[in-house]
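Note sheet for the following structure.
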Amino acid sequence: MNTSANSQINGIQSNLLTNNNVAGKLLKSGDQVLVRVTGDLGNGKYSGSIAGVKILLNAKGNAKLMPGSTFVATANINKGQLQIIPKNLPVQLAQLGMESPVTMELANQEAVLAFLQNLGLPPDEISLHLLQQFKQMEMKMNPSLLSKIRNLAVKIKGKEKSAVELLALLAEKNLTGSEDELLELMAELDGDFGEPQNGKNSSFSLMNRINSEKGKWYLLPFEIIQAGKIKETGSTKSGVLGTGSIRVLMDNEQKPKLVNILCNYSEKKYLFSLVYESSRLKEIKMNITPCEINEIEEKTERLKNMFLRTDISVVWCDSSEIEGSGCASEDFFMVDGEV
């Protein structure tokens with residue numbers, strides 16, 4: 001691969017680590033990170049993620065990792081090799097005596113870069129997020145449609161990824177919306193309810209069109225209102241306690257596949273992603289911001305104990321993995337050397 005291509009690959013890797021706020025900067029020795037084990041690949045290899053960045057974990061010796069578990073680790077860089085050394089492991093991992101470092105490397109970015117280039121897309125974070133959104137919605141990777149969505153999304157500065165998600169949703173349902181409608185609905189999905197223009201909220205029309213059409217995603221922004229005392233005039237005084245949105249992803253049989261919940265409440269941002277299999281809740285991914293690392297285990301256990309079923313997995317994720325549509329957690333696989 002030529003030098004230019006290598007620079008582009010490194011750029012994607014650096015942007016992934018920087019934009020997803022792994023300690024707010026590129027990793028360096030001594031940084032603490034939250035590692036999530038996402039799958040067992042066999043032969044001591046596991047898939048995982050740090051702040052939404054896909055990684056491969058190679059367990060040393062007889063150490064075993066448990067998919068769905070998370071642990072805090074310290075980063076160590078030695079001769080260009082990045083290692084993560086587990087710290088304060090959960091009991092199920094500590095009992096297995098995992099004392100050796102776990103070697104980590106980014107998943108195959110060269111293949112993803114080549115795939116982006118074959119589709120005629122610039123090799124950057126926006127294009128990658130667009131591909132992940134299409135994959136999540138099981139949409140055909142149409143180069144013309146991908147380019148059209150990307151060109152529209154980059155015009156919405158600072159909200160390109162949110163725009164990609166919403167524009168892909170509209171394309172899947174064969175709908176369109178004005179820029180004002182898009183901006184208002186994007187804001188409301190983030191829990192930002194502004195004052196309607198001329199007494200009208202243009203996003204309601206777009207949201208109603210989305211929810212009226214059969215397809216993958218359905219959207220429901222919400223406000224949590226507390227009614228106050230009734231005044232002498234007979235009107236009521238109310239206060240907004242919280243805001244947020246519920247996004248529901250349906251499978252091809254129109255059964256729930258994913259339910260993503262955002263709630264801004266009491267100066268905290270709560271994110272929950274409910275994963276379903278055959279209409280049955282299988283896993284809950286969660287994140288609360290701000291939250292201290294030493295509070296994570298207690299908060300996940302508290303949520304897990306709220307369910308009578310013991311087979312529901314509750315795991316802590318970086319917010320970048322589950323915010324919005326949650327498509328950032330989508331992986332790409334290679335078949336016969338091609339994505």
Side-chain touch Pro122/Gln117, heavy atoms, less than 4.5 angstrom: no
Presence of salt bridge, Glu138 and Lys257, under 4.0 angstrom: yes
Pair Asp318, Ser320: side-chain N/O donor-acceptor within cut-off below 3.5 Å: yes
Side chain proximity check, Leu271 to Ile261, heavy atoms < 4.5 angstrom: no
Donor + acceptor pair across side chains of Ser127, Arg150 (<3.5 Å): yes
Distance-only side-chain donor-acceptor flag, Asn287 / Ser319, under 3.5 Å: no
Under 3.5 Å donor-acceptor, Lys173 side chain and Ser212 backbone: no
Side chain to side chain, Asp251 and Tyr276, heavy atoms closer than 4.5 Å: no
Close side-chain approach of Lys282 to Ile312, heavy-atom, < 4.5 Å: no
Option from His129, Glu330, Arg247, Gln133 for which side-chain hydrogen bond (donor to acceptor under 3.5 Å, both in side chains) with Ser325 holds: Gln133
Basic-acidic side-chain contact under 4.0 Å: Glu165, Lys161: no
Of all pairs that satisfy salt bridge (Lys or Arg N to Asp or Glu O under 4.0 Å), the ones with a partner from residues 218-227, not counting sequence neighbours: none
Name of the residue among Asn260, Ile322, Leu303 meeting side chain to side chain contact (heavy atoms under 4.5 Å, CB included) with Phe272: Leu303
Atom pair CG/OG of Leu262 and Ser245 - distance to nearest 0.5 Å: 4.5 Å
Any donor-acceptor N/O pair, Gln132 side chain to Ala328 backbone, under 3.5 Å: yes
Ion pair Glu323/Lys269, N-O distance below 4.0 Å: yes
Salt bridge flag under 4.0 Å for residues Glu181 and Arg209: yes
N/O donor-acceptor pair under 3.5 Å between Asn151 side chain and Ser147 backbone: yes
Residues Asp190, Lys159: salt bridge by 4.0 Å N-O rule: yes
Gln254 side chain to Tyr218 side chain, donor-acceptor N/O pair below 3.5 angstrom: yes
Salt-bridge contact Arg36-Glu283 (side-chain N to carboxylate O under 4.0 Å): yes
N-O pairing of Glu172 and Lys216 below 4.0 Å: no
